[in-house]
> 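I have a structure I would like to understand better, so I am pasting it below and will then ask my questions one at a time.
Computation of the quantities below employed the complete heavy-atom set of this structure, encompassing side-chain atoms and omitting hydrogens, waters and symmetry-equivalent molecules. Being a predicted model, the structure only gives us computed values, none of them experimental.
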Amino acid sequence: MPRSSNPQPPCLDARLAAAANYVRPGRAAADIGCDHGKLSAWLAGSGRCPRVFACDLRPGPLAKAEKTCAPWADAVECRLGSGLSVLAPGEASEIIIAGMGAETILEILDAAPWVQDPAYNLILVPATKHSLLRLGLARRGFALAGETLCQAAGRWYTVVNARYTGEKHTPDAWYCLAGLTEARPGFAGYLAQQRPKVEKYRRGLAPGPEADAVDGLLARLRAIG
């Protein structure tokens with residue numbers, strides 16, 4: 001389908017807008033788990049990316065994405081499949097994975113070892129377990145290049161920008177909890193949301209070094225308020 005005379009890219013919510021801001025202009029991008037395709041359409045329609053791969057595991061959402069991206073069909077290619085298996089190494093340098101839990105995001109990265117290369121710019125929007133994502137990235141040799149806090153439907157989320165350095169390590173509990181969000185707009189609200197989760201996790205721990213580390217983290221959270 002050819003482009004219309006002057007199509008307007010869709011408006012993005014706070015999370016997708018933050019994700020789009022981490023995409024480097026002029027690069028090919030892959031929107032993994034594209035759902036309705038609004039981010040893919042925006043990347044192509046705004047001119048930020050000359051080539052976009054809109055990818056989803058389910059035929060229904062991919063059909064919606066294809067419709068959303070129709071005005072920019074010459075720049076957007078829709079692909080059906082699981083995770084990064086839909087891409088060949090090097091097809092896209094900007095890899096966006098949004099709306100999935102941390103475990104799923106890490107599984108997708110593990111299944112595509114070719115992303116362990118500093119050439120790839122990862123933009124990750126976890127739906128749950130932000131701390132686990134930061135921990136998993138560090139243990140796999142990915143460093144955080146940036147984070148943006150966003151609020152949606154009364155909840156705080158983080159948009160993570162990461163790149164591979166090969167320096168694998170296990171960060172401390174505070175880094176896992178806060179990452180690069182400290183002193184950013186929304187930080188106090190984000191911590192207030194995370195604190196009950198840390199308290200719940202602590203109740204399930206037996207006495208020992210891990211429990212002591214979590215106790216220290218909780219003391220720091222209480223001091224902040």
> Taking all non-hydrogen atoms of both residues into account, name the closest pair between Lys168 and Gly141 and its distance.
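It is CG-N, 3.5 Å.
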> When rounded to the nearest 0.5 angstrom, what is the spacing between CG in Leu62 and CG in Leu57?
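Separation between the atoms: 10.0 Å.
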> Please check if the number of heavy atoms outside Lys67 that lie under 6.0 Å from its NZ is greater than 12.
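No - once you tally the heavy atoms of other residues, nucleotides and ligands closer than 6.0 Å, there are 12 at most.
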> Identify the heavy atoms of Ala54 and Val76 that sit nearest to each other, and give their distance.
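Distance-wise, the nearest heavy atoms are CB-CG1, 4.0 Å.
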> Hey, are Arg203 and Glu199 close enough for a salt bridge, meaning a charged N less than 4.0 Å from a carboxylate O?
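Judged by the 4.0 Å cut-off on N to carboxylate O distance, Arg203 and Glu199 do not form a salt bridge.
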> Can you name the residues that form a salt bridge (charged side-chain N to carboxylate O under 4.0 Å, His left out) with Glu66, not counting sequence neighbours?
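Partners of Glu66 by the salt bridge (charged side-chain N to carboxylate O under 4.0 Å, His left out) criterion come out as none, since no residue qualifies.
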> Once the angle between the rings of His130 and Tyr157 is folded into 0 to 90°, is it parallel (under 30°), tilted (30 to 60°) or perpendicular (over 60°)?
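Tilted.
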> Are side-chain N/O atoms of Arg184 and Thr148 paired as donor and acceptor at under 3.5 Å?
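Result is no, nothing qualifies.
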> Do Glu147 and Thr158 have a side chain donor and acceptor closer than 3.5 Å?
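The criterion, which ignores hydrogens and geometry beyond distance, is satisfied for Thr158 and Glu147.
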> Do Leu144 and Asn161 have side-chain heavy atoms sitting under 4.5 Å apart?
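The answer is no, as the side chains (C-beta and beyond) never meet within the 4.5 Å cut-off.
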> Using only atom types and a distance under 3.5 Å, with no angle test, would you say the side chain of Arg163 pairs donor to acceptor with the backbone of Leu122?
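Not confirmed, Arg163 side chain does not pair with Leu122 backbone.
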> Is there a chain of hydrophobic side chains (I, L, V, M, F, W, Y, each step under 4.5 Å between heavy atoms) that links Leu124 to Leu135?
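Unlinked, Leu124 and Leu135 end up in two clusters.
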> For the residue pair Leu106 and Leu133, establish whether any side-chain heavy-atom pair is separated by less than 4.5 Å.
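Yes, close enough: below the 4.5 Å cut-off.
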> Is the NZ or CZ atom of Arg48 positioned over Trp42's six-membered ring, under 6.0 angstrom from the centre and within 45° of the axis?
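No, cation not above the ring by the 6.0 Å, 45° rule.
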> Holding to salt bridge (charged side-chain N to carboxylate O under 4.0 Å, His left out), I want the full list of residues that pass it with Asp212, two or more places apart in sequence or in another chain.
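Scan of Asp212 (salt bridge (charged side-chain N to carboxylate O under 4.0 Å, His left out), adjacent residues dropped) gives none.
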> Rounded to the nearest 0.5 Å, what's the gap from CD on Gln116 to OG1 on Thr165? Could you check?
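With rounding to 0.5 Å, CD (Gln116) is 10.5 Å from OG1 (Thr165).
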> Can you hop from Met100 to Val159 via hydrophobic side chains spaced under 4.5 Å?
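No.
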> Looking just at side-chain N and O atoms, do Gln194 and Trp156 make a donor-acceptor pair shorter than 3.5 Å?
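Trp156 and Gln194 do not have a side-chain donor-acceptor pair below 3.5 Å.
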> State, to 0.1 Å, how close Arg134 and Leu177 come at their nearest heavy-atom pair, and which atoms those are.
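Minimum heavy-atom contact is NH1-O, 2.8 Å.
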> Rounded to the nearest 0.5 Å, what's the gap from CG on Leu137 to CG on Leu109? Could you check?
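Going from the CG atom of Leu137 to the CG atom of Leu109 covers 6.5 Å.
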> Is a side-chain N or O of Glu77 found less than 3.5 angstrom from the main chain of Phe53, in a donor-acceptor match?
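No.
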> For residues 12-21, run the donor-acceptor check on the side chains, cut-off 3.5 Å, and write out each pair with its distance to 0.1 Å, sequence neighbours left out.
from: Asp13; atom 1: OD1; to: Arg15; atom 2: N; distance (Å): 3.2
from: Asp13; atom 1: OD1; to: Leu16; atom 2: N; distance (Å): 2.8
from: Asn21; atom 1: ND2; to: Ala17; atom 2: O; distance (Å): 3.4

> I'd like to check the side-chain hydrogen bond (donor to acceptor under 3.5 Å, both in side chains) partners of Trp114; sequence neighbours left out, ordered by chain and number.
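By the side-chain hydrogen bond (donor to acceptor under 3.5 Å, both in side chains) rule, Trp114 matches no residue at all.
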> What are the two closest non-hydrogen atoms of Trp72 and Ala44, and how far apart are they?
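Closest approach of Trp72 to Ala44, heavy atoms only: CB-CB, 4.0 Å.
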> For residues 28-35, which side-chain donor-acceptor pairs fall under 3.5 Å, sequence neighbours excluded?
from: Asp31; atom 1: OD2; to: Ser40; atom 2: OG; distance (Å): 2.9

> How many angstroms lie between OH in Tyr201 and OG in Ser131, if you round to the nearest 0.5 Å?
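Here the interatomic distance stands at 10.0 Å.
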> Which distance, rounded to the nearest 0.5 Å, do you find between the OH of Tyr175 and the NE2 of His169?
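Reported value, rounded in 0.5 Å steps: 5.5 Å.
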> Are Leu180 and Tyr22 linked, directly or through other ILVMFWY residues, by side chains that come within less than 4.5 angstrom of each other?
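Shared cluster, no.
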> Can you see which heavy atom on Ala206 is nearest to which on Ala211, and at what distance?
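Between these two residues, the closest heavy atoms are O-CB, 3.4 Å.
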> Does the pair Arg140 and Asp110 meet the rule for a salt bridge (Lys or Arg N to Asp or Glu O under 4.0 Å), with working shown?
CA-CA 9 Å; Arg140 288 162 173 79; Asp110 288 344; 2.8 Å; yes
> Quick one: do Phe142 and Val160 end up in the same hydrophobic cluster if we chain Ile, Leu, Val, Met, Phe, Trp and Tyr together by side-chain heavy atoms under 4.5 Å apart?
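Cluster IDs for Phe142 and Val160 match.
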> Under 3.5 Å, which donor-acceptor pairs link side chains of residues 80-95 to any protein atom two or more places apart or in another chain?
from: Ser85; atom 1: OG; to: Ser82; atom 2: O; distance (Å): 2.5
from: Glu91; atom 1: OE1; to: Arg79; atom 2: NH1; distance (Å): 2.7
from: Glu91; atom 1: OE1; to: Ala88; atom 2: N; distance (Å): 2.8
from: Glu91; atom 1: OE2; to: Arg79; atom 2: NH1; distance (Å): 3.4
from: Glu91; atom 1: OE2; to: Arg79; atom 2: NH2; distance (Å): 3.0
from: Glu94; atom 1: OE1; to: Arg24; atom 2: N; distance (Å): 3.0
from: Glu94; atom 1: OE1; to: Arg24; atom 2: NE; distance (Å): 3.3
from: Glu94; atom 1: OE1; to: Asn121; atom 2: ND2; distance (Å): 2.7
from: Glu94; atom 1: OE2; to: Arg24; atom 2: NE; distance (Å): 2.9
from: Glu94; atom 1: OE2; to: Arg24; atom 2: NH2; distance (Å): 2.8

> Looking at NZ of Lys64 and CZ of Arg58, how far apart are the two atoms once the value is rounded to the nearest 0.5 Å?
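Rounded to the nearest 0.5 Å, the NZ-CZ separation comes out at 8.5 Å.
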> Could you please spell out the steps behind the side-chain contact (heavy atoms from CB on, under 4.5 Å) verdict for Ile96 and Leu43?
CA-CA 11 Å; Ile96 306 146; Leu43 292 173; 3.8 Å; yes
> One pair to check against side-chain contact (heavy atoms from CB on, under 4.5 Å): Val125 and Ile97. What are the steps and the verdict?
CA-CA 6 Å; Val125 191; Ile97 308 175; over 6 Å; no
> For Tyr164 versus Val115, what's the shortest heavy-atom pair and its separation?
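Looks like CB-O, 4.1 Å.
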